[in-house]
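Data block below; observations after.
Protein chains get the first letters and strands the later ones, always in sequence-line order, with residue 1 at the start of each. Here the structure is a predicted model, which is why all the values come from computation and not from measurement.
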Amino acid sequence: MLVEVLTTAGRWNTEQPLLTYRVPTALEARLRRGQLIAVPYGDRLDEGIVWRVLADDEAAISLLEEGIELRDLSSILDETPALLPHQLELARWLSEYYATSLAHTVFNMLTPGLLQRSRFVLKLSQEALEDAMRSASSQDASLRLRALLGLLHTDGSLDVEQLKKMLGKTKAQQLLKEIKQSNLIVREPELVEGRAKIRLRRAVRLLVKGEELLIWREQLEERLRHAESEATAGSEVPHSVSASQATTKASANPWSLGTTASATLAPPVQSKAGLIIQRQLAALDLLQQSLNRGSPWTPAALCRATDLTERQLRQLEDERIISIERQELRRDPLQGRALPASQPLTLTQEQEQALRAVLDAVREGEQGTTPKPILLHGVTGSGKTEIYLQALAAIIAQGKRGVILVPEIALTTQAVQRVAGRFPDRVAIIHSELSVGERYDEWRRIRAGQVDVVIGSRSALFAPLPDLGLIIIDEEHEAAYKQSELKPTYHAREAALKLGEILRIPVVLGSATPAVESYHRAERGRYQLVELKGRIGTTLPPVEIVDLRVELRAGHTSIISRRLHEGLTNVLEQGQQAILFLNRRGAASCILCRDCGYTALCEHCDIPLTYHSTERVLMCHYCGAQSKPLRYCPACQSAEIRYFGLGTEKVQRTIQKMFPEARLLRWDRDTARNRHAHEALLDRFASRQADILIGTQMIAKGLDLPGVTLVGVVSADIALNLPDYSSPERAFTLLTQVAGRAGRGSEAGHVIIQTFNPEHFCIDTASRHNYDEFYRMEIETRERYGYPPFRQFVKFTYSHSNRHRCQLEAMRFSERLTHWINRLGLVNTDIVGPAPAMLERVRNKYRWQMIARGPDLHRLLRVVDAPDWEIDIDPISAL
DNA sequence: AGCACGCCGACT
DNA sequence: GTCGGCGTGCTC
């Protein structure tokens, strides 16, 4: 039997991704696809994943003809596959679509820290051992001693890294060369465990239960009485101090002796032996109670709680009533979190219909047809989550399991708690802010089938959940679903759709503001469109637009307009809450006329120009075209044209000055660095310890804060004027989502948007909560300019420490691309750029990029040979 | 990636 | 002369 393997070292070898090994007969029966195995690779041991098991030896023959002799795989590292068959199939697609090697793709689908590290150790050779054995029986005392020393060291092995550290690189290398020639020491390859480890701790376990335990108790109580009578008979005077200590300890303990009648009714103990027995009985009580209360007792904690010494506790172990053993400790990301049980709510008619559509699709899949993905377009607050939960409950009842993907930020909030509360103990959470250990424990629970629902960020899609029956992507328009830093640069939505196709299960895409691309697909019939038009319990808040040009003309230069000031005053007077939102994404500052709202756009791309203060030029970060900075507004000749940038700190200072008594909370990347900080901020605001929350787009997503009656958008202009084709979509989404935060409670809410561009169609449509109209206008622009979804984009980025070499390579590469495009005869396909990247210098490296655009670029990608270039397929931004 | 091998500059 | 830099090639 043969096996095709992807190896970690072979990750970089794109030409020969799969290596073939022979399977030793002893392992044949145990071998499965997706298992992690150890294989010999060159002179070392490497980790691999089983891609395919080949029954016939035809492949072996053809490899032999090429002069390649097959080697045996070394061992199976983990019996349970790390990836399920459908995930391997997904990996194949990901690798092809996102132009990433198969091995790279597969290994990046595994939970972090799982992979083992390959290294070398030095050990005594077999020859040296045999020699030592011979000498051990020698007459010569010193020889025997040497033999003994040698044997003592057989277990200890020295790893080569350590040797290098101890001796320095060159000395070590020299020594290793000598070792190679010596026949006493051998250099052996081995694998060491990755960072993801099972956490063990000592735990006390009750070995007897029920009846048997009662019998033991009686025996101990009998012994206690016996000890007491002995003590009285011998007139032993007990240490009164220790006796009283025991009683205080026992009564201070929440699960004190009081639970069993015998202990409560027992008279104060007189003898020392009796005292110990009484404490042992208390220990048994605590252990029994912990049986139904989750976390087990460690010996140390139990001793502390009962005043026993470990020696005295071990007496119970000797009697085989308890055992002290190393137990697996689960690291639970939700530990200590209040998870209020959430009951299914009664659905509205709209919700009922949506749920039915999902379940019909499930049934369709069961009958062998691939169900259409469902685009669930529901306004903010229309109850999408409840539909997800009930759909999940329905498939769980059929013995299946489901995944809900949420954008990164939502993981710190209420959504997770709601899901976890609905399916207690049957939910796993996966996202990047968990520790490697927490993630590993969740991953293993998932793999073992201990959960029904996985909720997490995009990578949760790769959790090996058996019997997957439904995939839900909440807020499907979110950019967080696109991976761009690491290969493969996949979009979780696309990956989920593929998985749905492979497994014939429905994929539900939910959003109040679907991605333009998604809505387009729904229109063309690729998705089934399901709409929820009504909010539950409340209505959508009215949106008021404040024209900042008018404010300026009236002499009000503050960043807080009179209307917003008025609104905030009201909120504070009424003891309600407000959110002030400011978009500050990127360092980009756009050029804006403060009189007429004119923004400078690139004449080739219709994308806002960015001002570069160092070179004093306006530049298009899309095509690279440069122009002179403007001194007067081309539209109204005003000199009030300047670049525009604004921060949350500035807003905070201004508001504090306006309302000295108001309690402010700032929420952005500077004040909330990790998930605990996020939660703490949210808790503070939700519990009304602050009146006004000031933040960036982080606060726009999915928060359900009933106390908020006013949402102010300090400036919509930065969002509108990001120099990217997708900025209208992002602006619309953002404004709609932010507005959706208002008026979710009993008080009516309203929204104030400040802008220099009140006529902009994004602001206009968002203020009327009119997705449809926004979509019509945006899709037309996309079509006119050939932006996605009408053409595919691929971004190529090159980085180099030398700016000129970087630019030069970019130019040369763009010529090569153009050449390939022509040779392949690709129609309607071209290259935009090269241009410096949005952040031209990152970690002392210059970055240049270009965009290839065309109806389908995969033919191009197949011929592109650019190992030094980052290739991002369907980039989330053209910047 | 890791680790060989291999071919040129700055020091004991 | 040796030490040590990192360019190139290989791994079923």
>> Between P on B:dA1 and CG on A:L191, what's the gap in Å once rounded to a whole number?
In response: 18 Å

> When we call it a touch if two heavy atoms are under 4.0 Å apart, what does A:E4 touch: a base, just sugar-phosphate, or nothing?
Replying inline: nothing

> Between A:R117 (CZ) and B:dA1 (C1'), how many Å, whole number?
Replying inline: 12 Å

>> From CG of A:L54 over to C1' of C:dC12, roughly how many Å is that when rounded to an integer?
In response: 12 Å

>> Classify A:R44 by what it touches in the nucleic acid, base, sugar-phosphate, or nothing, heavy-atom distance under 4.0 Å.
In response: base

>> Mind checking if A:Y21 touches a base, just sugar-phosphate, or nothing, with heavy atoms under 4.0 Å?
In response: sugar-phosphate

>> Between C1' on C:dC12 and CG on A:D72, what's the gap in Å once rounded to a whole number?
In response: 11 Å

> Roughly, in whole Å, what's the span from CG in A:D43 to P in B:dA4?
Replying inline: 6 Å

> Which whole-number value in Å describes the distance from A:Y41 OH to B:dG2 P?
Replying inline: 11 Å

> Minimum heavy-atom separation for A:Q35 to A:R30, with atom names?
Replying inline: NE2-O, 3.1 Å

>> Between A:E442 and A:R330, does any side-chain N to carboxylate O distance fall below 4.0 Å?
In response: yes

> Do A:S118 and A:D46 have side-chain atoms, one donor and one acceptor, less than 3.5 Å apart?
Replying inline: no

> So does A:R71 get a side-chain nitrogen or oxygen closer than 4.0 Å to the phosphate oxygens (OP1/OP2) of C:dC12?
Replying inline: yes

> To the nearest angstrom, how far is A:N108 atom CG from B:dA1 atom C1'?
Replying inline: 14 Å

> When you check the phosphate oxygens OP1 and OP2 of B:dA4, does a side-chain N or O of A:R187 lie under 4.0 Å from one of them?
Replying inline: yes

>> Using 30° and 60° as the class boundaries, would you call the ring planes of A:Y98 and A:W93 parallel, tilted or perpendicular?
In response: perpendicular

> Over how many whole Å does the gap from A:L45 atom CG to B:dA1 atom C1' extend?
Replying inline: 15 Å

> Which part of the nucleic acid does A:F107 contact within heavy-atom distance under 4.0 Å: base, sugar-phosphate only, or nothing?
Replying inline: nothing

> In a check of side chain to side chain donor-acceptor pair (under 3.5 Å) between A:E809 and each of A:W869, A:W848, A:Y798, which one passes?
Replying inline: A:W869

